[in-house]
Amino acid sequence: MAKYDTLLSRFIGYVKVNTRSNPESTTIPSAQREVDFLKTLAEELNEIGLSDIKTDPNSGYVTAVLPANDGGQSDVIGFIAHIDTADFNAENIAPKIVENYDGKSDVPLSADGKFTLRPSEFPAMRNYAGKTLITTDGSTLLGADDKSGVAEIMTAVEYLVAHPEVKHGELHVAFGPDEEIGTGADHFDAKGFGVKFAYTVDGGPLGELEYETFNAAQAVVEIEGKEVHTATAKGVMVNALQLGIDYHDLLPAGDRPELTEGRQGFFHLYKMDGTVDHATLTYIIRDHDKKLFEQRKQDMQDVAAKVNADYDTERVHVTVTDQYYNMREVLEKDMTSVDLAERAMKELSIKPVIYPVRGGTDGSKISFMGVPTPNLFAGGENMHSRFEFVALETMEQAVDVILKISELNK
Ligand SMILES: [Zn+2]
C-alpha cells in the first residue's frame, strides 16, 4: 500500500476536471469551471475536518484553518496552490499510470503512436527508474501544475487530522485560481490569510526550493507611420513597420530569452503587428537584478528617443507596466521560511535544489503583499504540455516536506 493511500486517487480525480483559466475573460475567477472546482475543494476541506473554510468573493480563493495542537507555540504558516491549468487543451484529461518505470524505455502516450515520451528527448525521465509515472494520453496537458500541489497539501492536512500525535502549529491552506494567466494572486487577501509566512507548492522536480524570481515588466511600443503611395514616397513616407525593425535592432542583440540563461536578463519581443500607418511591438522585460531591470526599462525609452530624434514628431511611444518583482528582496530580510524548508528537506534526505527562477510565481506577488512566500517542489515535469508527467513518489515526498515543515516550525 502506498504511504499516503488517498494521494493518487485524489490527484487523478483532480486532474480529470477541466480547470483551465481563460485569458480573454474579465471575470474573477476567469472561468466558471474554476469556481465549480474550488467549491468541491471547500467541501473536501470540510469533510476532512478543517475549520473556518471560506471562499473570498473578491479573489475566488478558498482558505481553511487547521488549528494548532502544540499549545500554540509556533508561528502560523500557510500552504498555497493554484487550481487552474495552463493555456493548453484540458478537455477530457485521461491520465495514464506507468508502474515501476525502468528509467530508459519510451512511454507511448497516444494510441496512434503520434506522441511518445522519450528519454532521448526528455533526459529527466532517467531520474525515475522504479517510480510510478502519471502521464497524459497525448491529447491534453496533465495539470500536475498545480493539481499535484493541491493534492499534496490536501493529503498532508488530512494526515495531520488523522494523526493527532503529530504535533504542529496552526496551519492555513489556500487554493486559488488564475495563476497561469498571471492575475490570480493580484486579488489574494494576503493580510487576511493571517500567516507569518507561507509556501506555494507549485515547483517542479524533487527538491526545488525557490525564493528568487525575475523582476518583470511589459513594454508596448506604439509606432505612428505616415502612409502615402509608394510612387511618391521618397522623403515623405514614414513606414511604421520599418521603424519597428529599426527600434528592435537598437536593443542589445544578445539579450533575448533564446540566448540567455541563469541570471542574465532579456528583452523579449513576443508580438508585433501593424501596417505602414501604425505598428505595435509588445515586449516583456526580465531581470533578477533590480538595478539592471530599471536600466532595461530606461533603455526601451532611450531607444525610442533615439529613433524619434530623426523625426519632427514623436513617432515611437513606449508604455512600460511593471508586472511583478523578485521576491528575494523580501525574503532576504527574513529567511526563516527558506531555512525551515531547507532543514525539512535535509532531514528527509532530499537535496534542496535552489536556483533563481527565470519566471515568476504567485509567491513573488504575495511576498510583496507582506507574506514571505517561497516556492516548494510539487513534482511536475514538462509542465504546460502534452508531455507533462509526475511521479507518485515525488508527490509523496512533497507531502513529507509539508508535514516536516509543519513539525519543525517551532
Ligand atoms: Zn503552476
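Quick caveat, the model's predicted, so the values are computed rather than measured. Indexing begins at 1, ligand by ligand and atom by atom, following the structure's order.
- Taking the six-membered ring for Trp and the full ring otherwise, Tyr283 and Phe267 have centroids separated by 6.0 Å or more.
- In the model, Asn382 has no side-chain atom that pairs as donor or acceptor with a side-chain atom of Ser385 under 3.5 Å.
- Side-chain N/O atoms of Ser30 and Asp178 include a donor and acceptor closer than 3.5 Å.
- The Zn ion (ligand 1) lies at 2.8 Å or more from every N, O or S atom belonging to Asp146.
- Within Asp145, the N, O or S atom at minimum distance from the Zn ion (ligand 1) carries the name OD1.
- There is no side-chain donor-acceptor pair under 3.5 Å between Thr361 and Glu210.
- Between the Zn ion (ligand 1) and Asp202 there is an N/O/S contact shorter than 2.8 Å.
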